[in-house]
Structure formats: C-alpha cells, structure tokens
Amino acid sequence: MTDPAAVKDALKSQAIETPSWAYGNSGTRFKVFAQQGVPRDPYEKLDDAAKVHEFTGVAPTVALHIPWDRVQDYAALAGHAEKRGVRLGAINSNTFQDDDYRLGSICHPDAAVRRKAVDHLLECVDIMDATGSRDLKLWFADGTNYPGQDDIRARQDRLAEGLAEVYARLGAGRRMLLEYKLFEPAFYTTDVPDWGTAYAHCLKLGPQAQVVVDTGHHAPGTNIEFIVATLLREGKLGGFDFNSRFYADDDLMVGAADPFQLFRIMYEVVRGGGLTSEVAFMLDQCHNIEAKIPAIIRSVMNVQEATAKALLVDRPALAAAQAAGDVLGANAVLMDAYNTDVRPLLREVREEMGLDPEPLAAYARSGWGEKIVAERVGGEQAGWGA
C-alpha cells in the first residue's frame with residue numbers, strides 16, 4: 001500500500017489494546033519494584049489507560065485479568081470505562097497462582113482441581129457477558145518437570161475436555177483465544193507449548209476458537225512471521241500479545257529487542273488482511289524499572305511505527321521481483337520500507353486526528369503523572385501477585 005491517504009486511513013483505524021496489569025506494580029521472580037502513583041483498583045487502572053488513549057488515539061480498549069481485576073459490579077466498571085472514553089476488552093483468566101495448581105489446572109490429574117479451574121474459566125465467560133467483552137483469553141502454566149511425572153496424552157485429553165466445556169458456554173459473537181508458550185514454569189513438557197498444539201485444539205473446538213501469538217513465547221531464532229502468515233491463511237489468528245525478548249519470556253516493551261522482527265510480523269499481518277479483520281492487537285508487558293504510563297505510550301508508538309513501515313511496502317514491486325526470482329531486488333523492496341523514517345508521517349496522522357503530534361511530550365506536559373502520585377496515597381497498590 002503506497003497511497004499516502006490509504007496508509008494514513010489504516011493507521012488512524014488501528015486499535016491497540018492495553019493490559020490493565022501493566023499499569024500496576026509488576027516485575028520478575030527476583031523483585032517487583034513498586035512505584036508511586038500506581039493504581040489501587042481496576043477503576044484507577046482504567047483512568048490511566050484512558051490517558052494512553054487520549055494521547056495516542058489508538059488504544060481504545062483495556063484487557064482485564066481475573067482475579068486481579070475482580071469487582072462486585074462489572075457493568076459499573078464497564079460504565080466507568082465508557083465515561084473515560086475507553087472500553088473493556090479481553091477477559092484474561094488466571095489458573096496459575098493458586099496452590100492447588102502446583103501440578104496443573106485444567107490438565108491436573110485430580111478431577112477436583114480440574115473442576116475448580118474450569119469453573120474459574122466459566123466465571124470469566126460470565127464476566128464477558130456482564131462487560132460486553134468479545135474475547136476470553138486463556139494461557140495455561142500446565143505441564144510437567146520430570147519424565148514420567150504424568151501421562152502426556154492423558155493431559156491433552158483433559159485439556160480438550162475442559163476447553164470444550166468452556167467453548168460450549170460462549171455466546172454468539174464471543175471468542176476463545178488460546179495462547180501457547182514454549183516453556184516456563186513447566187520445564188519438561190508444557191501442555192500448550194507451540195502454535196501447532198494450540199491450532200489443533202482450536203480447530204477441533206470450532207470457529208469461535210482461535211490462537212494467540214505472544215511474541216515472547218518462542219525459542220530463539222523462531223520465525224514468528226511464518227507462524228503469523230500461516231494462522232492468518234487458515235483464519236485462526238485471533239490476536240497478539242505484543243512484547244519483546246532477548247532470552248526467554250522477558251516481557252520487555254514491544255520492539256525493544258528486535259524492531260525489524262516486529263516490522264516483519266506486521267508486514268505479514270498487512271499482507272494477510274489482519275489489519276482489517278478481527279485480529280486483536282494487545283500489549284502484554286512487564287514495566288518493572290520504567291514508568292508505567294509513558295512506557296505503554298512508547299509501546300503503542302512502536303507498534304504504530306512498525307505498522308506504518310509495513311503499510312509502505314511497495315507490494316506490486318515486491319511481487320514483480322519475487323516472480324522474476326530477483327532475490328536482492330525483493331529484499332531491497334522490504335528494506336526500503338523498513339528504513340523509511342515514518343515519524344513525520346505519524347506526526348501528520350496524529351495532527352489530522354486532533355492529537356498532539358508527540359504523545360510522550362504531551363503526556364509529560366499534562367501533569368497526570370504528578371497528579372496521581374499526589375492523590376493515590378493510602379490503600380493497597382495494584383500488582384500482578386508476583
């Protein structure tokens with residue numbers, strides 16, 4: 001897409017979901033460094049998310065994590081979001097923190113523990129109904145640490161059975177998004193370790209089940225854009241958890257480690273029609289040493305920049321070079337787009353949207369950071385339970 005007006009229209013319509021838990025205190029197994037002014041409840045998380053949307057214009061929804069974001073009245077929470085100019089997005093389940101889940105949750109050998117896990121997932125579907133959320137996002141820490149610890153095939157049977165019960169509970173227009181992870185916290189077998197396993201389960205479940213690609217959940221050297229292209233081709237790419245990694249599941253800011261990889265991924269999204277489909281673009285990051293809101297704004301901008309470059313690829317020229325077997329010429333078309341400085345284009349886009357062309361500077365001038373430090377005194381700071 002090389003028509004400037006079409007590129008701008010695509011960028012203006014992009015939607016990047018931010019995660020509620022990224023606004024609270026989060027960290028690693030080593031340490032969570034608490035910050036002043038972080039939210040004390042889900043309502044204040046939404047207040048901060050609204051600021052990200054206010055200054056970027058492309059972050060209209062906020063994902064919730066249950067039980068971290070559990071409230072008495074979810075309709076009231078949805079109403080609060082709307083008053084702040086945002087909406088509630090995906091509902092994320094949590095079957096990895098209770099002591100009962102030491103040997104797994106939905107794949108646990110004990111039927112009582114499996115029942116507890118499935119009941120939690122069904123609770124999340126109820127929350128979707130109350131909030132109007134479209135997506136239920138599932139990630140399981142289930143797996144084993146030692147050969148012989150459990151029956152690998154039986155665990156897949158338990159997984160399929162639990163997913164089927166939850167899938168049957170989904171309403172019309174709702175989706176189940178299944179995430180995979182190479183390893184951690186299970187080190188011998190992980191029950192959903194790769195896109196193929198997730199795809200196989202989603203294919204069996206039906207059209208409302210799709211795969212989530214967390215960009216940090218792969219072995220070093222994995223060609224993530226190939227996975228994205230394949231899932232898009234099969235109509236099974238439900239969404240992304242955007243973050244960045246140097247080693248394992250680092251959960252760093254998206255585009256921080258390898259911006260070229262993010263560009264390659266976004267090119268396959270553009271090429272496969274993912275920008276105009278129902279693919280969900282969500283951040284899933286751990287902001288441990290950097291300020292929360294500015295980091296999320298920067299992450300949104302990183303996705304925007306990669307998307308802009310992907311939209312600038314001269315696809316007719318690329319196709320011609322590919323058809324002619326012009327290896328260097330084809331590569332040059334991609335590299336020309338990647339090497340384009342798209343910051344002036346994005347400044348124009350923001351100005352046309354009635355936004356400040358520099359979101360980070362505008363946020364700094366707004367005084368919101370100082371305001372929340374002064375006002376959010378007392379109570380218990382929100383955190384992800386690490």
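Index from 1, following the sequence.
- In the model, Q381 has a side-chain atom that pairs as donor or acceptor with a side-chain atom of N25 under 3.5 Å.
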Side-chain polar contacts of residues 226-234 - donor-acceptor pairs under 3.5 angstrom, sequence neighbours left out - could you list them?
{"unit_1": "T230", "atom_1": "OG1", "unit_2": "F226", "atom_2": "O", "d": "2.9"}
{"unit_1": "E234", "atom_1": "OE1", "unit_2": "Y199", "atom_2": "OH", "d": "3.4"}

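- With hydrogens and angles left out, the side-chain atoms of E184 and H217 include no donor and acceptor closer than 3.5 Å.
- Across all non-hydrogen atoms, the minimal contact from A10 to L311 is CB-CD1, 3.7 Å.
- For the residue pair D47 / H80, a side-chain donor-acceptor distance below 3.5 Å is found, with atom types taken as modelled.
- The salt bridge (charged side-chain N to carboxylate O under 4.0 Å, His left out) test with D48 is passed by exactly one of R84, R376, K371: R376.
- Salt-bridge check for R115 with E165: passed, with a basic side-chain N closer than 4.0 Å to an acidic carboxylate O.
- R365 meets the side chain to side chain donor-acceptor pair (under 3.5 Å) test with D356; sequence neighbours excluded.
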Inset, instruction - Take H218 and Y180, measure what ring pair (Phe, Tyr, Trp, His ring centres under 6.0 Å) needs, and give me the verdict at the end. - result: CA-CA 9 Å; H218 303 84; Y180 59 91; 5.3 Å; yes
When the side chains of residues 341-349 are checked against the rest of the protein, which donor-acceptor pairs come out under 3.5 Å, sequence neighbours left out?
{"unit_1": "D341", "atom_1": "OD1", "unit_2": "R343", "atom_2": "N", "d": "3.1"}
{"unit_1": "D341", "atom_1": "OD1", "unit_2": "R343", "atom_2": "NE", "d": "3.0"}
{"unit_1": "D341", "atom_1": "OD2", "unit_2": "R343", "atom_2": "NH2", "d": "3.1"}
{"unit_1": "R347", "atom_1": "NH1", "unit_2": "E358", "atom_2": "OE2", "d": "3.2"}
{"unit_1": "E348", "atom_1": "OE1", "unit_2": "K8", "atom_2": "NZ", "d": "2.9"}

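- Residues R245 and D251 are not paired through a salt bridge, judged by the lack of any N-O separation under 4.0 Å between the basic side chain and the carboxylate.
- Pairs passing the ring-ring contact (aromatic ring centres under 6.0 Å, His included) check and including a residue from residues 82-105, sequence neighbours excluded, read F96-W139.
- Checking each of D241, V254, D249 against D284 for a side chain to side chain contact (heavy atoms under 4.5 Å, CB included) leaves exactly one that passes, namely D241.
- Pairs engaging residues 295-336 under the ring-ring contact (aromatic ring centres under 6.0 Å, His included) rule: none recorded [sequence neighbours left out].
- The NZ atom of K309 lies 7.0 Å from the CG atom of N339; values are rounded to the nearest 0.5 Å.
- Residue pairs meeting the ring-ring contact (aromatic ring centres under 6.0 Å, His included) criterion with at least one partner in residues 281-338, sequence neighbours excluded, are F240-F281, F260-Y338, F263-Y338.
- For Q36, the side chain to side chain contact (heavy atoms under 4.5 Å, CB included) partners are V373, not counting sequence neighbours.
- Judged by distance alone, the side chains of D142 and S105 do bring a donor and an acceptor atom under 3.5 Å apart.
- Distance alone, capped at 3.5 Å, is enough to place a donor-acceptor pair between the Y167 side chain and the Q208 backbone.
- R174 places a side-chain N or O within donor-acceptor distance of the main-chain N or O of S133, the cut-off being under 3.5 Å.
- When all heavy atoms of M266 and T307 are compared, the pair lying nearest together is CE-OG1, 3.4 Å.
- The side chain to side chain donor-acceptor pair (under 3.5 Å) search around W195 returns none, not counting sequence neighbours.
- Taking R298 as the reference, M253, M301, N302, E305, L360 meet the side chain to side chain contact (heavy atoms under 4.5 Å, CB included) condition, with sequence neighbours excluded.
- Residues N243 and D214 bring a donor and an acceptor atom of their side chains to less than 3.5 Å of each other.
- Within 6.0 Å of NZ on K204 lie no more than 12 heavy atoms contributed by other residues, nucleotides or ligands.
- Screening residues 254-283 for side chain to side chain donor-acceptor pair (under 3.5 Å), with sequence neighbours left out, gives E225-R264.
- Ion pairing between R158 and E161 fails under the 4.0 Å rule for side-chain N and carboxylate O.
- Of the inter-residue distances, the one linking D110 atom CG with K116 atom NZ reads 11.0 Å to the nearest 0.5 angstrom.
- Qualifying salt bridge (charged side-chain N to carboxylate O under 4.0 Å, His left out) partners for D69, counting only residues two or more places apart in sequence or in other chains: K45.
- Expressed to the nearest 0.5 Å, how far CG of D126 lies from OH of Y74 amounts to 10.0 Å.
- For D326, the salt bridge (charged side-chain N to carboxylate O under 4.0 Å, His left out) test picks out no residue, with sequence neighbours left out.
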